[in-house]
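Please read the structure below before turning to the comments.
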Amino acid sequence: MKHTGVVTLDVPAERVDLENWLFTLSDAEYQACARGHRAAGTFVQDGTRGTVNVEAIGGHLIVQHYQELSAAPARVEMLSKRSRVYLFHLFPATIQVRWTMAVEARPEDTSEFRCTVELTMPPVLRFLGAISFLGLAIRAHTVEETKLFGDDIVRKIRSSV
């Protein structure tokens, strides 16, 4: 299950620093970037940066412990190998979530921001996700958070001028 949100940012790509933005994002800022965002924080473990994100999506609670795979101003890739999903907020299960954000230059001092969320889960969870419309909920959530992440990135760039 893979979903990508795409928005145009009204700032040039060279002014966007996704690495800095992600690892300085406060809990309150994270929560403001989607209705389903419940909490977030950053950590460093064995020299590797990470984030803990808690989300409620489509009636399911998801707790992700992301670790940085790669991070640069134009692209960040995070992996949560053992995210906990509480189906209908009751039944725990483990999935893997890959979260990638990237920015590319576009004409006229704009840029394209992409946010991709990819879930890997066992067949039984894929079936339960399908009958509970989890895919549709994840898609809607990804589109919403991409737009609001983009808004937050632009707001911070403009406030630093």
Side-chain angles (χ1 to χ4, degrees), residues 1-11 15-45 48-103 111-121 129 132-161:
M1 189 180 304
K2 183 176 182 178
H3 301 288
T4 300
V6 181
V7 295
T8 298
L9 305 181
D10 290 328
V11 294
R15 298 215 34 224
V16 177
D17 186 341
L18 295 176
E19 178 181 13
N20 181 65
W21 174 79
L22 177 61
F23 290 107
T24 61
L25 188 66
S26 74
D27 178 49
E29 290 165 336
Y30 175 79
Q31 289 182 44
C33 287
R35 289 184 304 268
H37 287 177
R38 298 296 181 248
T42 60
F43 65 89
V44 176
Q45 183 176 351
T48 302
R49 294 179 294 184
T51 66
V52 176
N53 299 0
V54 180
E55 303 175 306
I57 302 171
H60 310 290
L61 185 67
I62 305 173
V63 181
Q64 300 133 342
H65 290 84
Y66 288 109
Q67 290 189 309
E68 171 187 358
L69 292 181
S70 64
R75 188 175 187 281
V76 175
E77 184 174 4
M78 306 292 286
L79 180 66
S80 178
K81 292 180 182 178
R82 298 187 49 79
S83 290
R84 296 296 288 175
V85 176
Y86 295 87
L87 299 169
F88 309 107
H89 288 250
L90 297 172
F91 306 105
T94 301
I95 65 172
Q96 178 176 289
V97 182
R98 182 178 304 269
W99 179 25
T100 307
M101 292 180 289
V103 65
S111 52
E112 180 181 273
F113 173 61
R114 301 174 79 72
C115 180
T116 301
V117 176
E118 182 177 1
L119 288 75
T120 304
M121 58 187 87
S132 68
F133 303 105
L134 179 62
L136 294 174
I138 294 282
R139 175 175 291 129
H141 176 80
T142 302
V143 167
E144 177 189 22
E145 75 178 359
T146 301
K147 182 197 180 314
L148 296 173
F149 283 159
D151 290 349
D152 189 64
I153 291 165
V154 170
R155 179 186 60 77
K156 288 176 178 175
I157 290 170
R158 289 186 176 150
S159 70
S160 70
V161 175

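Side chains are part of it too, since the values below use all heavy atoms of this structure and drop only hydrogens, waters and symmetry mates.
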Walk me through whether Gln67 and Leu79 qualify under side-chain contact (heavy atoms from CB on, under 4.5 Å).
CA-CA 5 Å; Gln67 290 189 309; Leu79 180 66; 5.9 Å; no

Show the atom names and distances, to 0.1 Å, of all donor-acceptor pairs under 3.5 Å that link a side chain in residues 70-77 to residues at least two apart or in another chain.
unit_1	atom_1	unit_2	atom_2	d
Arg75	NH1	Glu77	OE1	3.3
Glu77	OE2	Arg98	NH1	2.5

Would you say that more than 12 heavy atoms from the other residues, nucleotides or ligands in this model lie under 6.0 Å from the CZ of Phe91, or not?
no

Which residues pass the salt bridge (Lys or Arg N to Asp or Glu O under 4.0 Å) test with Glu118, not counting sequence neighbours?
none

In Å, rounded to the nearest 0.5 Å, how long is the span from CG of Asp27 to OG1 of Thr51?
11.5 Å

Apply side-chain hydrogen bond (donor to acceptor under 3.5 Å, both in side chains) to Thr120 and list each qualifying residue two or more places apart in sequence or on a separate chain.
none

Within a strict 4.5 Å, meaning less than it, do heavy atoms of the Arg114 and Val6 side chains meet?
yes

Arg139 CZ to Ile57 CD1 distance, which is reported to the nearest 0.5 Å
13.5 Å

Who passes side-chain hydrogen bond (donor to acceptor under 3.5 Å, both in side chains) against Thr142, sequence neighbours left out?
none

By side-chain hydrogen bond (donor to acceptor under 3.5 Å, both in side chains) - contacts of Ser83 (at least two apart)
Ser80

Exercise: identify the closest heavy-atom pair between Ala137 and Gly58
CB-CA, 3.6 Å

From Phe23 atom CZ to Asp17 atom CG, the distance as rounded to the nearest 0.5 Å:
11.0 Å

Does His141 have any ring pair (Phe, Tyr, Trp, His ring centres under 6.0 Å) partners at least two apart in sequence or in another chain, and if so, which?
His37

Any side-chain heavy-atom pair of Thr100 and Thr4 under 4.5 Å:
no

Closest non-hydrogen contact found for Tyr30 with Asn53 is OH-CB, 3.4 Å

Pairing residues for Asn20 by the side-chain hydrogen bond (donor to acceptor under 3.5 Å, both in side chains) criterion, not counting sequence neighbours
none

Criterion side-chain contact (heavy atoms from CB on, under 4.5 Å) on Met121 and Val85, from CA distance to verdict
CA-CA 10 Å; Met121 58 187 87; Val85 176; over 6 Å; no

Name of the residue among Thr8, Val154, Leu18, Val16 meeting side-chain contact (heavy atoms from CB on, under 4.5 Å) with Phe113
Leu18

For a quick test of reading the model, state the closest non-hydrogen atom pair linking Thr146 to Cys115 and the distance between them.
OG1-CB, 3.1 Å

Drop me the distance from Ile157's CD1 to Ser111's OG, to the nearest 0.5 angstrom.
7.0 Å

Under a 3.5 Å distance rule, please check whether Glu144 uses its side chain to pair with a backbone N or O of Arg35 as donor and acceptor.
yes

Identify, with sequence neighbours excluded, every residue that meets salt bridge (Lys or Arg N to Asp or Glu O under 4.0 Å) alongside Arg155.
Glu29, Asp152

Under the salt bridge (Lys or Arg N to Asp or Glu O under 4.0 Å) test, residues paired with Asp151 that sit two or more places apart
Lys147

How many angstroms lie between atom CG of Leu61 and atom CG of Leu90, to the nearest 0.5 angstrom?
10.5 Å

Taking atom NZ of Lys156 and atom CZ of Arg15, what is their separation to the nearest 0.5 Å?
14.5 Å

Quick one: ring pair (Phe, Tyr, Trp, His ring centres under 6.0 Å) partners of Tyr66, sequence neighbours excluded?
Trp99

Across all chains, not counting sequence neighbours, the salt bridge (Lys or Arg N to Asp or Glu O under 4.0 Å) partners of Arg84 are none

Test: salt bridge (charged side-chain N to carboxylate O under 4.0 Å, His left out). Region: residues 49-68. Which pairs qualify, not counting sequence neighbours?
Glu19-Arg49, Arg49-Glu68

